[in-house]
Amino acid sequence: MNIQAILENKVKEAVLKIFNAELPSVEFQPTRKDFEGDVTVVVFPMLRVVKGNPVQIGEQIGTFLKDEVAEVSDFNVVKGFLNLVVSDTFYINFFNGIKDESNYGLVTESASDAVMVEYSSPNTNKPLHLGHIRNNLLGYSVAEILKASGKKVYKTQIINDRGIHICKSMLAWQRFGNGETPENTGLKGDKLVGNYYVAFDKAYKAEIAEMVVDGVDEKEAAKEAPILLEAQQMLQKWEAGDEEVTSLWKKMNGWVYKGFEETYKNMGVDFDKLYYESDTYLLGKDVVADGLEKGVFYKKDDGSVWIDLTEEGLDEKIVLRSDGTAVYMTQDIGTAIQRVKDYPDIMGMVYTVGNEQDYHFKVLFLILKKLGFSWAEQLHHLSYGMVDLPSGKMKSREGTVVDADDLMVDMTSTARELSEELGKLEEYSHEEKQVLYKMVGMGALKYYILKVDPKKRILFNPEESVDFQGNTGPFIQYTYARIQSILRKAKDTRVDVSTTLEVTAELHPKEKELIKQIQLFPETIQLAAANFSPALIANYVYDLVKEFNSFYQQVSILGEADEQKKALRVQLSRKVSEVIESGFKLLGIDVPERM
RNA sequence: GGUGGCAUAGCUCAGCUGGAUAGAGCACCUGCCUUCUAAGCAGGCGGUCCUAGGUUCGAAUCCUAGUGCCAUCACCA
């Protein structure tokens, strides 16, 4: 049981007995490091109910608690802050209770209602870049955190496999491809297709320039360039089901999927269900017809269908074109409904999409609510800031992107260089080393991205590589490895870790701090889930590791003469490493036995 | 112009529902490897919490106005 829960009632009781007043609530905070104590009761808010000097009130409540509550062994009052020293017994009891719990902090029984988490959702005309990495890591991690908080989770993505952008790559490949394939070039499929997307843009710009020279207005030229017109024709053919276009489309998308699969595998993310835009882009039209009948939407004279959101402070939004074709919004409405049909237990959805689409999702959610779906109350746009380079925004067409595959390779080789310099891995085989380098490199990258609050934008400077020291993934992995080393030695020297510490024992201050930090893990997971924020997990694990390293430095673990104390320290170390492991698992980061 | 987000140390970031002297890491400077892995630990240097008002016993945190950066406001996706 949480110490605050115990104290809350006792403080209220104290106030009732001493001052004959009822407190609506008690405000607690962890005692700051510079003061003696573990939990602090803030006296100021009580002044509304109890008249008097805050210091005296604090003294009186403190005396009461020390006398009446076993867990409170001492107290002191500074200004209006009542600092309570919680007894070692309490912490020892707590630790004895959780030390052998294998899934400590995780809520393993899942709720009856499920949540679907969508992330990645790339276009199939170009390779994944750093922006997708942030998206993937965030989506994956939030899905894992929701699971750990007790939710059932489906991971999904919608693949934008149709549209003019695909046709551009296809057309360029037809024209300039010379039959290139991933097989005959050795290029990854998504890279190959991406090259033709760039090739299209180049040809397109050249045509515009030529037309401008011939006296055509630049805007006009941009609309009328023959290669663009041809791409548009290709899209029409695709929509008409033209055999040649369809088979080319299938072939090139197949290349891209194979490439993506490899990237996802390297990144360590996965999906339970895939949706393809080519299957879903016609969805939603019936719903619009329905909504028209209900009066949620209205039709303009030209036949286009709209929703009026001016009452909600937004504007009017189109949901169906005048020619009856679907827009992005139509499709998203349809897809959401389809998902609930596919998985009837879904009571909420999380969309991992960049903050440039904040407005779109605001409107989408509002429409779904107006259509009366109960699950529409539980939709969340996991909006995150862009990853920008010092030079500005990344643009695929202009080649100013940090490629996902390249970056992961870079991270791994940096990890290798650092590791070789330190030279601690003599007994490792070549294969084991490769696994470790990747683990550390990816750990650095994932932690670097996930420790930042999702809604803040990230400035990524490729010139300055991601750190491996300080507040970083490798720092935490290193601490884990160090603990594993201790645990191996403890096993060799037959330290009995099954013993339970006597509740009358005294704790070293560092031991106490560690237990306090371990105690926070379960609530941190819940907080991270409620806020859709892996950053909270990252920061928590960092604090835990800082605390452990300080403990490690100050007290001897295996050198401790007292067998009971030694056992406790080994147990504490083991628990810390377990929490690191589960915390990092929620971030999609693996931990090594040695490094 | 309307709307939304962000602004904290030279740099990268924490700071939960308002609470004590605003915290980490990097960088720079000192110490600590004959003792459990120095990718570590201990310490130093470094702050107009964007600005101005307001609410409060108390504001980096809440409110208002302004400034700067980003996004968005298409019968594009």
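In what follows, chains carry the letters A, B, and so on, assigned in the order in which the sequence lines appear, proteins first and then strands, with residues in each chain numbered from 1.
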For a quick check of understanding: with a heavy-atom distance under 4.0 Å over all strands, which category does A/Thr479 fall into, base, sugar-phosphate or nothing? nothing
Value in whole Å for how far the P atom of B/U35 lies from CD1 of A/Ile486: 15 Å
Can you tell me if NZ on A/Lys575 sees more than 12 non-hydrogen neighbours from other groups inside 6.0 Å? yes
When rounded to the nearest 0.5 angstrom, what is the spacing between CG in A/Leu450 and CG in A/Asn539? 11.0 Å
In whole angstrom, give me the gap between the P atoms of B/U12 and B/C50. 15 Å
Say we look at B/C49 and B/G23: how far apart would their P atoms be, to the nearest angstrom? 14 Å
Using a 4.0 Å heavy-atom cut-off, write out nucleotides 3-10 of chain B from 5' to 3' as B (base contacted by protein), S (sugar-phosphate only) or - (no contact). --SSS---
As its Watson-Crick or G-U partner within any shown strand, both distances under 3.5 Å, B/C45 has none
Distance, P atom - from B/U8 to B/U3, rounded to whole angstrom: 24 Å
How would you label the contact of A/Arg162 with the nucleic acid (heavy atoms, under 4.0 Å): base, sugar-phosphate, or nothing? nothing
Hey, is the main chain of A/Arg574 close enough, under 3.5 Å, to the side chain of A/Ser577 for a donor-acceptor pair? yes
Can you tell me if A/Arg321 touches the phosphate of B/C76, counting only side-chain N or O atoms and a distance under 4.0 Å to OP1 or OP2? yes
Which pairs count as ring pair (Phe, Tyr, Trp, His ring centres under 6.0 Å) when at least one residue sits in residues 544-564 of chain A, sequence neighbours excluded? A/Phe548-A/Phe551
Testing A/Phe532, A/Tyr384, A/Phe361 for ring pair (Phe, Tyr, Trp, His ring centres under 6.0 Å) with A/Tyr351, which one passes? A/Phe361
Distance in Å, A/Lys455 NZ paired with A/Ser533 OG, rounded so as to fall on 0.5 Å steps: 8.0 Å
Does the side chain of A/Asn549 get closer than 4.0 angstrom to OP1 or OP2 of B/G40 through an N or O atom? no
Both distances under 3.5 Å, Watson-Crick or G-U wobble: report the partner of B/U55, or none. none
Between A/Leu459 and A/Asn160, which residue's closest nucleotide on RNA chain B lies nearer the 5′ terminus? A/Leu459
Under 4.0 Å: is that the gap between some side-chain N or O of A/Tyr328 and OP1 or OP2 of B/A77? no
Heavy-atom nearest nucleotide on RNA chain B for A/Tyr542 versus A/Ala481: which residue maps closer to 5'? A/Tyr542
Whole Å only: how far is the NZ atom of A/Lys317 from the P atom of B/A74? 7 Å
Distance check needed: B/C70 P versus A/Phe460 CZ, whole Å only. 21 Å
Please report the distance separating the P of B/C76 from the corresponding atom of B/A14, rounded so that it comes out in whole Å. 38 Å
I need the single residue from A/Lys516, A/Arg32, A/Lys33 that forms a salt bridge (charged side-chain N to carboxylate O under 4.0 Å, His left out) with A/Asp38. Which is it? A/Lys516
Counter-base of B/A27, judged by Watson-Crick or G-U geometry with both distances under 3.5 Å: none
If you measure from the ring centre of A/Phe81 to the centre of the six-membered ring in the base of B/A20, is it under 5.5 Å, with the planes under 30° apart? yes
If you draw a 6.0 Å radius around NZ in A/Lys299, do more than 12 non-hydrogen atoms from other residues or ligands fall strictly inside? no
At under 4.0 Å between heavy atoms, what does A/Asp453 touch on the DNA or RNA strands: base, sugar-phosphate, or nothing? sugar-phosphate
Please determine whether a side-chain nitrogen or oxygen atom of A/Ser485 lies at a distance below 4.0 Å from atom OP1 or OP2 of B/U37. yes
Distance check: side-chain N/O of A/Tyr281 vs OP1/OP2 of B/A77, anything under 4.0 Å? no
Answer with base, sugar-phosphate or nothing: what part of the nucleic acid does A/Pro45 contact at a heavy-atom distance below 4.0 Å? base
Are more than 12 heavy atoms, taken from residues, nucleotides or ligands other than A/Lys491, located less than 6.0 Å from that residue's NZ atom? no
So what does A/Phe475 hit on the nucleic acid, given a heavy-atom distance under 4.0 Å: a base, only sugar-phosphate, or nothing? sugar-phosphate
Need one value for A/Gln331: base, sugar-phosphate or nothing, where a base atom within 4.0 Å counts as base even if backbone is also close, heavy atoms only. nothing
Which of these nucleotides, B/U21, B/A39, B/A77, is closest to any side-chain atom of A/Phe468? B/A39
Nearest-Å distance, CD1 (A/Ile483) to P (B/C36)? 16 Å
Using atom C1' of each nucleotide, how far apart are B/U17 and B/C62 to the nearest Å? 12 Å
Atom CG of A/Leu450 to atom P of B/C13: distance rounded to whole Å? 14 Å
Base, sugar-phosphate alone, or nothing: which one does A/Ser550 contact when heavy atoms must sit under 4.0 Å apart? sugar-phosphate
Could A/Arg162 and A/Tyr281 be counted as a cation-pi pair, given that NZ or CZ must be under 6.0 Å from the ring centre and within 45° of the axis? yes
Taking syn as any angle within 90 degrees of 0 and anti as the rest, which one fits B/C33? syn
Could you work out the separation of B/U21 and B/A59 based on their C1' atoms and round it to a whole Å? 16 Å
Taking only side-chain nitrogens and oxygens of A/Arg482, does any of them come within less than 4.0 Å of OP1 or OP2 of B/A38? yes
Reckon A/Glu312 touches a base, only the sugar-phosphate, or nothing at all at heavy-atom distances under 4.0 Å? nothing
Between B/A60 and B/U51, how far apart are the C1' atoms? Round to whole Å, please. 14 Å
Atom P, compared across B/C6 and B/G10: separation rounded to whole Å: 23 Å
Output for pair (A/Leu514 CG, A/Glu547 CD), nearest 0.5 Å, gives 6.0 Å
Base, sugar-phosphate, or nothing: which does A/Asp332 touch, judged by heavy atoms less than 4.0 Å apart? nothing
Strand partner of B/U34, provided both Watson-Crick or wobble distances fall under 3.5 Å: none
Please report, rounded to the nearest Å, how far the P atom of B/G15 is from the NZ atom of A/Lys33. 16 Å
If only side-chain N and O atoms of A/Arg32 are considered, is one of them under 4.0 Å from the OP1 or OP2 phosphate oxygen of B/A20? yes
Using the six-membered base ring of B/G19, report whether A/Phe44 stacks on it, requiring centroids under 5.5 Å and planes under 30° apart. yes
If I take atom CD in residue A/Glu356 and atom P in nucleotide B/A77, what distance separates them, rounded to the nearest angstrom? 15 Å
Within 6.0 Å of CD in A/Glu36, more than 12 heavy atoms from elsewhere: no
Using a 4.0 Å heavy-atom cut-off, does A/Val555 contact any base of the nucleic acid, only the sugar-phosphate backbone, or nothing at all? base
Could you identify the nucleotide paired to B/C50, looking across every strand shown and requiring Watson-Crick or G-U wobble geometry with both distances under 3.5 Å? B/G66
Tell which nucleotide pairs with B/A20, taking only Watson-Crick or G-U wobble pairs whose two distances are both under 3.5 angstrom. none
Can you tell me the distance, in whole Å, between the CG atom of A/Asp34 and the C1' atom of B/U21? 7 Å
